[in-house]
Enquirer: 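A single structure is presented below for examination.
As a basis for the values below, the full set of heavy atoms in this structure was taken, side chains included, without hydrogen atoms, waters or symmetry mates.
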Amino acid sequence: MSPAIVAPKEERTLLGVILMAVGVTFMTCIDTSAKWLLLAGVPVVQIVFMRYAVALVLALGWFLPREGTSVLRSRRPVLQFLRSAALLTSTCCNFAALQFLPITMTTTIMFAGPIAVTLLAIPILGEKVGIRRLAAVCTGFFGVMVVVQPWGAEFDPAVFLSVGAMLSASCYFIITRMIAGAESTATSQVWSAGLASLAFAPFALAHWSWPEAAGTGVVLVLVGVFGGTAHTLATVAHRYADASILAPVVYVQIVEAAIAGILVFGTWPTQWTLLGGAIIAGSSWYIIQRERAARRGG
């Protein structure tokens, strides 16, 4: 028997980066499809339901044959429930914001997540944050202000929905940290998609509206496919590369969101969105690097 060939770290890292990049592209497809469906008149509750129902079917179809019914059992059911609720709230707020805001703005605001996570980790996880990370948090907050322009005449209150989506997503990531090691990826994916589907099924089915155009129905299904695929690819990517290496890949979504906004909706990002996005990306990247150094004792 020939010895097993182990791929060098560089190849695994490259594969992780590629998988993350593809996953980020699918994340952009989620928002683009959701906004397109909203403009087509599809109710937001129906889009949210399909986002998770299709993802649940895909997750069960993938994990059940490989891991059996163990994927349905959670060791931390309360935290899994809270984690799923946070993700569902984030999706609802984000999709609602997309009805009124450009996709570039909602995407940029979501990138302030690491900033919010840093602040939430202090009271929830008991983490200590040094002066450098606090300075980065303040810088990132300033970047958000540059994007939303609360002092401008064109300020849209829907920004609060987008900020709510970002804060809910941050809670989702905090709880994910809390259950890390206690739950499998399969269980977490099935629970998050399953609870969201069950929660929205009564509302979506009670007011179900069949799309008049076949293309609209296809996009409605694709929202769930994009969601399930994006999360799976991002999870697998972290098995091949460090989070600090993958973090910058996420910011490609700003470029992709800008391209989607131009090609699909005919909207161009403002100079303030671009400037604020650069500030947020820079501060978030610094926070990630400081957290990495702190874990290593640096």
Side-chain angles (χ1 to χ4, degrees), residues 17-44 46-48 50-51 54-55 90-113 143-144 146-149 152 154-156 158-159 161-163 165-166 169 209 211-234 237 246-281 284:
V17 170
I18 293 173
L19 290 174
M20 193 67 185
V22 177
V24 167
T25 301
F26 278 115
M27 292 175 190
T28 305
C29 290
I30 297 173
D31 289 351
T32 304
S33 300
K35 185 174 181 66
W36 187 87
L37 289 168
L38 289 166
L39 294 177
V42 180
V44 65
Q46 192 168 328
I47 302 173
V48 174
M50 288 297 291
R51 154 72 179 86
V54 175
S90 177
T91 301
C92 292
C93 290
N94 186 43
F95 284 4
L98 284 168
Q99 296 182 82
F100 311 102
L101 302 176
I103 188 174
T104 11
M105 178 175 287
T106 58
T107 300
T108 302
I109 292 174
M110 288 296 289
F111 280 138
V144 173
V146 171
V147 172
V148 302
Q149 294 282 298
E154 298 181 358
F155 174 75
D156 194 322
V159 161
L161 289 171
S162 191
V163 173
M166 182 269 292
S209 176
E212 297 182 0
T216 304
V218 171
V219 175
L220 192 57
V221 173
L222 285 176
V223 169
V225 176
F226 292 148
T229 304
H231 283 280
T232 300
L233 289 174
L246 297 177
V249 181
V250 178
Y251 295 112
V252 174
Q253 192 176 0
I254 294 180
V255 179
E256 294 179 342
I259 295 173
I262 295 170
L263 297 180
V264 181
F265 307 109
T267 57
W268 290 75
T270 66
Q271 59 180 351
W272 298 114
T273 299
L274 295 176
L275 176 60
I279 295 173
I280 293 171
S284 298

Enquirer: Name all residues meeting the ring pair (Phe, Tyr, Trp, His ring centres under 6.0 Å) criterion together with F95; count only those two or more places apart in sequence or in a different chain, and write none if there are none.
Expert: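 Result, ring pair (Phe, Tyr, Trp, His ring centres under 6.0 Å) vs F95: none returned.
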
Enquirer: State, to 0.1 Å, how close L19 and A237 come at their nearest heavy-atom pair, and which atoms those are.
Expert: CB-CB, 4.0 Å

Enquirer: Less than 4.5 Å apart, side chain to side chain, heavy atoms only: is that true for L161 and Q99?
Expert: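 Result no, sub-4.5 Å side-chain heavy-atom pair not found.
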
Enquirer: Please list all pairs meeting side-chain hydrogen bond (donor to acceptor under 3.5 Å, both in side chains) that have one or both residues in residues 261-274, counting only residues at least two apart or in different chains.
Expert: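 For residues 261-274: T270-T273.
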
Enquirer: Show your working on side chain to side chain contact (heavy atoms under 4.5 Å, CB included) between Q253 and D31 and close with a plain yes or no.
Expert: CA-CA 11 Å; Q253 192 176 0; D31 289 351; 4.2 Å; yes

Enquirer: Test of understanding: with side-chain hydrogen bond (donor to acceptor under 3.5 Å, both in side chains), list the residues that count as partners of T28, not counting sequence neighbours.
Expert: E256

Enquirer: Quick one: does T107's side chain get under 4.5 Å of F111's, heavy atoms only?
Expert: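 Sidechains of F111 and T107: in contact.
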
Enquirer: Using every non-hydrogen atom in the two residues, find where M27 and A234 come nearest and quote the distance to one decimal.
Expert: CE-CB, 4.2 Å

Enquirer: Using residues 221-231 as the side-chain source, report each donor-acceptor pair under 3.5 Å to any protein atom, sequence neighbours left out, with the distance given to one decimal.
Expert:
from	atom 1	to	atom 2	distance (Å)
T229	OG1	V225	O	2.7
H231	NE2	R51	NH2	3.3

Enquirer: Roughly how far, to the nearest 0.5 Å, is CD1 of I103 from CD1 of I254?
Expert: 12.0 Å

Enquirer: Quick one: closest heavy-atom pair of V147 and M105, and the distance?
Expert: O-CE, 3.6 Å

Enquirer: CG/L220 to CH2/W36 distance, rounded to the nearest 0.5 angstrom?
Expert: 10.0 Å

Enquirer: Enumerate the side-chain hydrogen bond (donor to acceptor under 3.5 Å, both in side chains) contacts for residues 211-224, please, sequence neighbours excluded, ordered by first and then second residue.
Expert: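 side-chain hydrogen bond (donor to acceptor under 3.5 Å, both in side chains) check on residues 211-224 returns no pairs.
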
Enquirer: Looking at every heavy atom in both G277 and T108, which two are closest together, and how far apart are they?
Expert: CA-CG2, 3.4 Å

Enquirer: Could you state the interatomic distance from CG (L98) to CG (L37), rounded to the nearest 0.5 Å?
Expert: 11.0 Å

Enquirer: Report the distance from atom CD1 of I109 to atom OG1 of T104, rounding to the nearest 0.5 Å.
Expert: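 Nearest 0.5 Å value for the CD1-OG1 distance: 10.0 Å.
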
Enquirer: Looking at A34 and I47, what are the two nearest heavy atoms and their distance?
Expert: O-CD1, 3.9 Å

Enquirer: Say whether, by atom type as modelled, one donor and one acceptor occur between the side chain of K35 and the main chain of L101 under 3.5 angstrom.
Expert: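 Judged by distance alone, yes, a pair lies under 3.5 Å.
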
Enquirer: Tell me, please, which residues at least two apart from F100 pass side-chain contact (heavy atoms from CB on, under 4.5 Å).
Expert: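 Partners of F100 by the side-chain contact (heavy atoms from CB on, under 4.5 Å) criterion, ordered by chain and then number, come out as D156, A158.
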
Enquirer: Write down the atom of T106, the atom of A97, and the distance for their closest heavy-atom approach.
Expert: CG2-CB, 4.2 Å

